[in-house]
Protein chains: 2
Amino acid sequence: MQLSERKEKILAAIIEWYIATGEPVGSKTLLEFSRIPVSSATVRNEMAELSRLGFIEQPHTSAGRIPSQMGYRYYVDKLMNRYELPINEKRLIEARLSDAGGEPQQILEQAGQVLAELTNCAVVSTTPTDENAVIRRVELVPLGTHTAMMVMLSSSGILKSRVCRTDSELTLELIETFYNIVSKHFIGKSASEVSIALIQTLALSLGSKSLAISPLLVTLSDLAQLTEQTQLLLQGQSNLLHHNDYPNAYEIMEFLRRGEPLTNLFAGHKAENNTNVLIGKENFYRELQDSSLIYSHYSVGGKDSGALGLIGPTRIDYARLIPSLKYLTEIVGKIMSDTLED
Amino acid sequence: MQLSERKEKILAAIIEWYIATGEPVGSKTLLEFSRIPVSSATVRNEMAELSRLGFIEQPHTSAGRIPSQMGYRYYVDKLMNRYELPINEKRLIEARLSDAGGEPQQILEQAGQVLAELTNCAVVSTTPTDENAVIRRVELVPLGTHTAMMVMLSSSGILKSRVCRTDSELTLELIETFYNIVSKHFIGKSASEVSIALIQTLALSLGSKSLAISPLLVTLSDLAQLTEQTQLLLQGQSNLLHHNDYPNAYEIMEFLRRGEPLTNLFAGHKAENNTNVLIGKENFYRELQDSSLIYSHYSVGGKDSGALGLIGPTRIDYARLIPSLKYLTEIVGKIMSDTLED
DNA sequence: TTTAGCACTCTCATCATTAGAGTGCTAACT
DNA sequence: AGTTAGCACTCTAATGATGAGAGTGCTAAA
């Protein structure tokens, strides 16, 4: 649907004022701050029309208008001028991310922190995944006679570690055997190929050493699984309490904590490279249907790998947040790619 | 101050009822649920006395009584029968912690999760520190021609890693030089000895290689610092929103996020091995003065290393939470010690 | 020392009233 | 035909009055 230019101006004014103040906007108020050269009666007529079309609604008869979900949607799609992020904000983001220290998780944590401060929203992000990632390196660092720390590094830069206890003593020989198995059967394989079945077969084929080495192999498989799993990071949850017309903060926090649904959501829409905006009921999950979710995928080495998302009330400053998120996502991808390639 | 037995009974009844229901307790209500064989008038007299002494107070004239801070304190110190944790809850805790997977941070995360579920409080915990910890191992895992991941393991089991970029190519020779320096100057030293000054001196002494190796040494020093730093973990923050007579959840969440004050608090009281309870204004920090903080130190290898703490409203089920926290702390210490020694 | 009884206080919910904001409609104006 | 002034109408939110109910403290009797 296409609105007349004047209707668009009025709609944009309503939305921007409402986002800024949280108050429903009346016809007179609107004239005060927006430079629309008509009388309040005309505005009223236009507003009535916009109401009929479903772009704005009234909390009650004697109140002003507030944007409907459809209104926000129109605004985001057509009206909002996605302003270029000011250079100093860009610099700020770059500066804050430059000292994050290499590992994807650290970069994301830093990015999330910045984003939470910048936007006053809750921030979610997923660690990079890469179906084609393979196990790049496995290290076994002995800690004592019966314990060792196993470290696994994937080709996509994910590092995971776990402490492993063995029943029998961790001899040099045992460790060597382990390394042999690893380099023969696992290095260069994808994590998903490290199945329990394979582990068992291998263990059995070792005969007498089987018992001694199997705890190591089990840990290996645990690690492989961990490496493969997307992790969800949450930050700025307390920002949800800022917004006072937003009573269900608890519910949302619990939803975010569950993690899994969001991970799926991000994975599902991986194709679109653009920033996505889901407003209110557009969200599949009930818990988010009073909120807006804005998310954007970052790409490492040219492939979409993970996403950063913002969650806040539907009454949120889309025009400001979207460019910030977009730019930050870009930088995150760039930094991760830098580290990985060479 | 010592109260008469009957006063103690009444005080305990008021506190327990108030903790359970959140409602101020009147003299009649009290008779209904507690088996105190006197009339409401007598209870009223006793209550008046308890009010005068400062153990209970009235929100307003026509309301019942609620415990004062002093009342809670008396209850925690003398009345509350610290009941032994039921065996099945013990088992539950043990089961949930057994598969946490070795690293201190993972153990604490798991413990915090359990505690948050069990207590409905926000949970804070600090990673183990050990002034006598030394650098046990440093590994450099090449990722590309100019990047590597450096991993540092301390004798107290802390593992930290960072990605490091070098300006010149990471040759095998360079790596070997690095390992030589590390084993000669750093292994077995405490992290605090890795000063910038030392790094600079070392770099200079290398002459031509100086420039190539200094990024590695800088990363090493970063890692040493990280290893030494106590980290604060937060969990169950959303639990703060559960309690409805507790409006300042946001303030507390922000306070917790800042982290540092709590780290200091825990470090400051390290001497006492017992569980500590700080009620309301007993807390030094303003942000906590409407809350209660219960914390307990875990010890790894016989030395106090870190702490777990619970934060909730002053109206909290002390009698149940304290034993839970205590037991969990014990187990955490035990598991960490297991991993470390051998 | 305990208890019954009673006057007193204060909160909270309910209801009526009112000021104010904002609308939609009509009729006049450009 | 589009715009505007004016006005009746509607609904909210604030205010104040009223009354029921809960709980107390005190007194006098047991």
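Any value given below was found using the heavy atoms of this structure, including those in side chains, with hydrogens, waters and symmetry copies removed. Proteins come first, then strands; the chains are lettered A, B, ... in the order of their sequence lines, and each starts at number 1.
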**Prompt:** CG of A:Leu31 versus P of D:dA5: gap in Å, rounded?
**Reply:** 11 Å

**Complete:** note: A:Ile36, atom CD1; D:dT3, atom C1'; distance rounded to Å ~ 15 Å

**Message:** Below the 4.0 Å mark, does D:dG23 have OP1 or OP2 next to a side-chain nitrogen or oxygen of B:Thr61?
**Reply:** no

**Prompt:** With a 3.5 Å cut-off and no angle check, do the side chains of B:Glu89 and B:Ser324 form a donor-acceptor pair?
**Reply:** yes

**Prompt:** Looking at the side chain of A:His60, which of C:dT23, D:dA5, D:dT12 is the nearest nucleotide?
**Reply:** D:dT12

**Prompt:** How many Å lie between CG on A:Asn45 and P on C:dA27, as a whole number?
**Reply:** 15 Å

Could you list the protein-to-nucleotides 16-22 of chain D atom pairs, N/O on both sides, closer than 3.5 Å?
none

**Side chains of A:Ser291 and A:Tyr246, donor plus acceptor under 3.5 Å** = yes

**Request:** Evaluate salt bridge (Lys or Arg N to Asp or Glu O under 4.0 Å) for B:Glu330 paired with B:Lys90, printing each intermediate quantity in order.
**Result:** CA-CA 11 Å; B:Glu330 240 170 68; B:Lys90 284 191 181 181; over 6 Å; no

**Quiz item: B:Arg44 side-chain donor-acceptor pair to C:dG5 base, under 3.5 Å** = yes

**Request:** Measure from the side-chain heavy atoms of B:Ser39 and tell me the nearest of C:dC6, C:dT3, D:dC11.
**Result:** C:dT3

**Asked** Atom CH2 of B:Trp17 to atom P of D:dG23: distance rounded to whole Å?
**Response** 12 Å

**Item:** Spacing between A:Glu23 atom CD and D:dT12 atom P, to the nearest angstrom
**Value:** 16 Å

**Item:** Phosphate-side-chain proximity, A:Ser27 and C:dT23, N/O vs OP1/OP2 below 4.0 Å
**Value:** yes

**Message:** Looking at D:dG25, I'd like to know if its phosphate oxygens (OP1 or OP2) sit under 4.0 Å from a side-chain N or O belonging to B:Arg65.
**Reply:** yes

**Prompt:** So does B:Glu282 pair up with B:Arg73, basic N to acidic O under 4.0 Å?
**Reply:** yes

**Prompt:** Is any side-chain N of the basic residue among A:Arg258 and A:Glu287 closer than 4.0 Å to the acidic one's carboxylate O?
**Reply:** yes

**Asked** Within the structure, does a side-chain N or O atom of A:Arg6 lie under 4.0 Å from either OP1 or OP2 of D:dT3?
**Response** yes

**Message:** Is it true that B:Ser292 and B:Tyr72 share a donor-acceptor pair across their side chains at a distance under 3.5 Å?
**Reply:** no

**Rounded distance (Å) that lies between atom C1' of D:dT4 and atom NZ of A:Lys28** = 13 Å

**Complete:** The residue, B:Ala41 or B:Pro59, whose nearest nucleotide of DNA chain C is more 5′ is B:Ala41

**Request:** For A:Glu49 and D:dG2, give me the distance from atom CD to atom P, rounded to whole Å.
**Result:** 12 Å

**A:Asn120 versus A:His243, closest heavy-atom pair with distance** = O-NE2, 3.1 Å

**Prompt:** If you check every side-chain atom of A:Gln58, which of C:dT23, D:dT4, D:dT24 has the closest atom?
**Reply:** C:dT23

**Request:** Select one nucleotide: of C:dT11, D:dT4, C:dT3, the one nearest the side-chain heavy atoms of A:Val38.
**Result:** D:dT4

**Prompt:** Do A:Ser68 and A:Glu57 have a side chain donor and acceptor closer than 3.5 Å?
**Reply:** no

**Asked** Can you check the A:Glu46 CD to C:dG22 C1' distance for me, whole Å?
**Response** 17 Å

